[in-house]
K.L.:
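Below is a structure I'd like to ask you about.
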Amino acid sequence: MDKTQITGSEALLRTLIAEGVDTIFGYPGGQVIPLYDCLYDYSDRLKHVLVRHEQGATHAAQGYARVSGKTGVVLVTSGPGATNTITGIADAMMDSTPIVVISGQVPSPLLGSDAFQEIDVIGITQPITKWAYQIRKPEEIAWAVSRAFYIASTGRPGPVVIDFAKDAQTGTTDYLYEKVNHIRSYQPFPEMNQGSISAAASLINGAKKPFALVGQGVILSGAEKELLAFLEKADIPAASTALGLSAMPTGYRLNKGMLGMHGNVGPNRKTNDCDVLIAIGMRFDDRVTGNLQAYARQAKIIHFDIDLSEIGKNVTVDVPVLGDAKETLAAVTHLLKPASHTDWIDSFRTDEQEEYEKVIEKEIHPQGDRLQMGEVVRKVSDAANSDAVLVTDVGQNQMMGIRYFRYSRTRSVVTSGGLGTMGFGLPAAIGAKQGAPDRTVCLFTGDGGLQMTLQELGTIMQEKLNVKIIVLNNHYLGMVRQWQELFFDKRYSATTMENPDFVAIARAYGIRSRLATTRRELDEAIAEMFDSDDAYMLVADVETHGMVYPMVPAGAPITHIIMERERK
């Protein structure tokens, strides 16, 4: 390729295009003005979404990445612009989401002088990124940016930060793009060990009560078909982590629901009843395992993962299967003998019936007049034909959303898992709609989380995004209130929320909105929302003291499950 003399800013934009980028979420400022000036001439090839806060840019990039399978891109200025991205970067690191955050920086001669809006971006972000690099010379740009995308998107995905000095943006360079697809010190795809593949298959072939735990790693590797082939051949029931939920359709016969603190009863109990536990692309988070001393002590454990650091980190593993799930699952499946575990699979029915009678029926078909969170979620899911992208904020709305929404396609759940970031939902829904413009995007948020990034309604207004926003308004910080009720003698300290008129706020942003306090109003609002081709906010005034059940108390064994309020 011929070398061309161009500015650093243009080199960056050309490299983004070469890497397949089509959308940037950003907010301009003094140290990235040269980049934004250059972007003016690239607007036909790079769409820029102007968020209202830099944290919103990172969450939007996460939502974009999660539904599209591509790397999300963020562009912000130095100082507070960069530090405002920290929460989103940490969230992406915890949830293995590929994003590249590009921050402006003061000119390199001023570095270390405490110049206006200078901050040590690399020092701050190194612990929460896969790679953080500062560009001081324009000739570094093509190499550094391509390297950033390679690191962010391969192996176990995650965030990368590029700190871009202003003089590198304005200086010129002989531009030559060469895609980075190998780094000597970085091995994102570990080689399969045939001994481990054979050992895993042998254990599964001998199992009487095998049980699979499905994590987001299946989705990240694009191994959904391989997963189903694996489960079908050996007739293995499976359950998912919150981030792995849409790897299997909700109605799939071997899908037994969700694991963890607010997961389904059957999967949690059967974890401590199976004889072979097969973890696939999940990290044995404490919200899934509960008390590790009482977790699956009876089972032989197989762990499929691409990240060696996760294997044996929390749970002792009998057979580690290191590698990309798409390859390792197929390799193990090839060695499996066709099996039938009818009695074992049928044994889940008792737990399912108990949970339905004690929890689900009361939540989706309540007897009282007040709207329940779960019934709102299920009605919206039904109206969307179980084919929408679910985005949630964090809290009770999140748990109700992922429990009662139904999925028919992969990449249909966007939620903050490991970090649990309130305020995630609204900007993430913006990114999800940009990443999957042909899909319906339904955001469930609470009155608390919504007000943390409420300003992003302005982004929805400006971009004219058809996002369906459902506010489960219980006038509390609901999840904290739930813990206060159960474990702190109902001492509701600092959890009551005096809220504004959300309908009026939405309308001020040009977003159609309606309040629902009765079931008739709810049904009418849902129909109205889905008939609209524009953004819509449905504010559901739900039961103020609603609880998310089942619940495994923190630190308790995974089989210690609360399903009802104590009767006194």
Side-chain angles (χ1 to χ4, degrees), residues 8-9 12-13 15-16 21 23-39 48-62 64-65 71-94 97-138 140-141 144-145 147-149 151-152 158-170 419 421 423-424 427 431 452-453 455-456 459:
S9 293
L12 177 103
L13 299 182
T15 306
L16 292 180
V21 175
T23 305
I24 299 171
F25 302 93
Y27 203 97
Q31 303 300 344
V32 284
I33 288 179
L35 265 173
Y36 272 90
D37 181 67
C38 190
L39 184 60
H48 181 271
V49 178
L50 178 63
V51 297
R52 297 310 189 257
H53 190 281
E54 291 88 355
Q55 181 180 343
T58 56
H59 295 327
Q62 288 177 271
Y64 174 92
T71 301
V73 179
V74 174
L75 177 58
V76 298
T77 194
S78 64
T83 58
N84 282 344
T85 67
I86 299 303
T87 297
I89 294 169
D91 195 290
M93 189 68 175
M94 290 286 282
T97 305
I99 63 173
V100 172
V101 177
I102 302 164
S103 60
Q105 184 54 277
V106 300
S108 53
L110 296 180
L111 288 171
S113 69
D114 290 333
F116 178 65
Q117 292 191 333
E118 181 193 359
I119 200 76
D120 182 3
V121 173
I122 304 302
I124 292 172
T125 60
Q126 273 185 330
I128 53 171
T129 56
K130 288 186 73 178
W131 187 53
Y133 185 79
Q134 186 176 75
I135 297 175
R136 299 187 183 188
K137 299 177 181 179
E140 299 177 283
I141 293 166
V145 174
R147 185 182 176 99
F149 276 84
I151 293 172
V160 169
V161 166
I162 295 291
D163 194 36
F164 200 177
K166 192 172 185 178
D167 54 326
Q169 299 170 39
T170 56
L419 200 62
T421 304
F424 173 89
M452 287 193 170
T453 51
Q455 68 276 2
E456 298 305 334
T459 307

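Computed from a prediction, not measured in an experiment: that's the story for all the values here.
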K.L.:
Mark yes when over 12 heavy atoms from residues, nucleotides or ligands other than Tyr27 sit less than 6.0 Å from its OH; otherwise mark no.
P.N.:
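For Tyr27, atom OH is not crowded (no more than 12 foreign heavy atoms under 6.0 Å).
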
K.L.:
Between atom CD1 of Ile99 and atom CD1 of Ile89, what is the distance when rounded to the nearest 0.5 Å?
P.N.:
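The CD1 atom of Ile89 is 6.0 Å from CD1 of Ile99, to the nearest 0.5 Å.
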
K.L.:
Please tell me if the side chains of Leu110 and Lys166 come closer than 4.5 Å, counting only heavy atoms from C-beta onward.
P.N.:
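No, their side chains stay 4.5 Å or more apart.
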
K.L.:
Any non-hydrogen side-chain atom of Val73 less than 4.5 Å from a side-chain atom of Ile102?
P.N.:
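Yes, at least one pair of side-chain atoms sits under 4.5 Å.
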
K.L.:
Side chain of Thr453, backbone of Gly56: donor and acceptor closer than 3.5 Å?
P.N.:
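No; judged by distance alone, with no hydrogens or angles, the pair does not exist.
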
K.L.:
Can you tell me if Gln62 uses its side chain to pair, donor with acceptor, with the backbone of Gly72 under 3.5 Å?
P.N.:
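Checking the backbone N and O of Gly72 against the side chain of Gln62, no donor-acceptor pair under 3.5 Å is found.
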
K.L.:
Heavy atoms only: give me the nearest Val121-Ala82 pair and the separation to one decimal.
P.N.:
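Between these two residues, the closest heavy atoms are CG2-CB, 3.7 Å.
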
K.L.:
Could you tell me the separation between the CD1 atom of Ile128 and the CD1 atom of Ile86, rounded to the nearest 0.5 Å?
P.N.:
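Nearest 0.5 Å value for the CD1-CD1 distance: 4.5 Å.
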
K.L.:
Keeping the roles fixed (side chain from Ser9, backbone from Gln169), state whether a donor-acceptor pair exists under 3.5 Å.
P.N.:
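Here the side-chain-to-backbone pair exists.
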
K.L.:
Are any non-hydrogen side-chain atoms of Gln31 and Val106 less than 4.5 angstrom apart?
P.N.:
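Yes, close enough: below the 4.5 Å cut-off.
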
K.L.:
Could you tell me which non-hydrogen atom of Ser113 sits nearest to which non-hydrogen atom of Glu118, and how far apart they are?
P.N.:
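That closest heavy-atom pairing would be N-OE1, 3.4 Å.
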
K.L.:
Out of curiosity, Leu50 CG to Phe25 CZ, how far, rounded to the nearest 0.5 Å?
P.N.:
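Answer rounded to 0.5 Å: 12.0 Å.
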
K.L.:
State whether the side chain of Asp167 and the backbone N or O of Ser108 hold a donor-acceptor pair below 3.5 Å, judged by distance alone.
P.N.:
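At least one qualifying donor-acceptor pair exists.
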
K.L.:
Between the side chain of Asp37 and the main-chain N/O of Ile33, is any donor-acceptor distance below 3.5 Å?
P.N.:
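Looks like no, no N/O pair under 3.5 Å.
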
K.L.:
After noting the C-alpha distance and the side-chain angles of Leu39 and Leu13, does the key distance pass the side chain to side chain contact (heavy atoms under 4.5 Å, CB included) rule?
P.N.:
CA-CA 7 Å; Leu39 184 60; Leu13 299 182; 4.2 Å; yes

K.L.:
Can you tell me how far the CD atom of Gln105 sits from the CD atom of Gln117, to the nearest 0.5 Å?
P.N.:
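Interatomic distance, Gln105 CD to Gln117 CD, rounded to 0.5 Å: 10.0 Å.
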
K.L.:
Can you spot which of Leu16, Thr15, Val160 makes a side chain to side chain contact (heavy atoms under 4.5 Å, CB included) with Phe149?
P.N.:
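For Phe149, the side chain to side chain contact (heavy atoms under 4.5 Å, CB included) test succeeds with only one of Leu16, Thr15, Val160, which is Leu16.
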
K.L.:
Looking only at non-hydrogen atoms, find the nearest pair between Gln134 and Ile122 and report the distance.
P.N.:
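Looking at all heavy atoms of both residues, the closest pair is N-CD1, 3.8 Å.
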
K.L.:
How long is the straight-line distance from CZ of Arg147 back to CH2 of Trp131, given to the nearest 0.5 Å?
P.N.:
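Rounded to the nearest 0.5 Å, the CH2-CZ separation comes out at 5.0 Å.
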
K.L.:
To the nearest 0.5 Å, what is the distance between NZ (Lys130) and CD1 (Ile151)?
P.N.:
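It is 7.0 Å, given to the nearest 0.5 Å.
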
K.L.:
Return the minimal non-hydrogen interatomic distance between Ala65 and Pro98, and the atom names on each side.
P.N.:
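Of all heavy-atom pairs spanning Ala65 and Pro98, the closest is CB-O, 3.6 Å.
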
K.L.:
Could you give me the CA-CA distance, side-chain angles and deciding distance for Thr58 and Asp91, then say whether side chain to side chain contact (heavy atoms under 4.5 Å, CB included) is met?
P.N.:
CA-CA 9 Å; Thr58 56; Asp91 195 290; over 6 Å; no

K.L.:
Can you name the nearest heavy-atom pair linking Arg52 to Gln455, along with the distance?
P.N.:
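The pair with the smallest heavy-atom distance is CG-O, 3.1 Å.
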
K.L.:
Phe164 pairs by side chain to side chain contact (heavy atoms under 4.5 Å, CB included) with which of Leu75, Leu35, Val145?
P.N.:
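Per the side chain to side chain contact (heavy atoms under 4.5 Å, CB included) rule, the option paired with Phe164 is Leu35, out of Leu75, Leu35, Val145.
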
K.L.:
Would you find a donor on one side and an acceptor on the other, under 3.5 Å apart, between the side chain of Thr129 and the backbone of Pro159?
P.N.:
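The answer is no, because no donor-acceptor pair under 3.5 Å joins these two groups.
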
K.L.:
At their closest point, which heavy atom of Val74 faces which heavy atom of Ala61, and how far apart are they?
P.N.:
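Scanning both residues, the minimum pair turns out to be CG2-CB, 3.6 Å.
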
K.L.:
Counting N and O atoms only, with roles assigned by atom type, does the side chain of Gln55 sit under 3.5 Å from a partner on the main chain of Pro427, one being a donor and the other an acceptor?
P.N.:
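Side chain of Gln55 to backbone of Pro427: no pair is present.
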
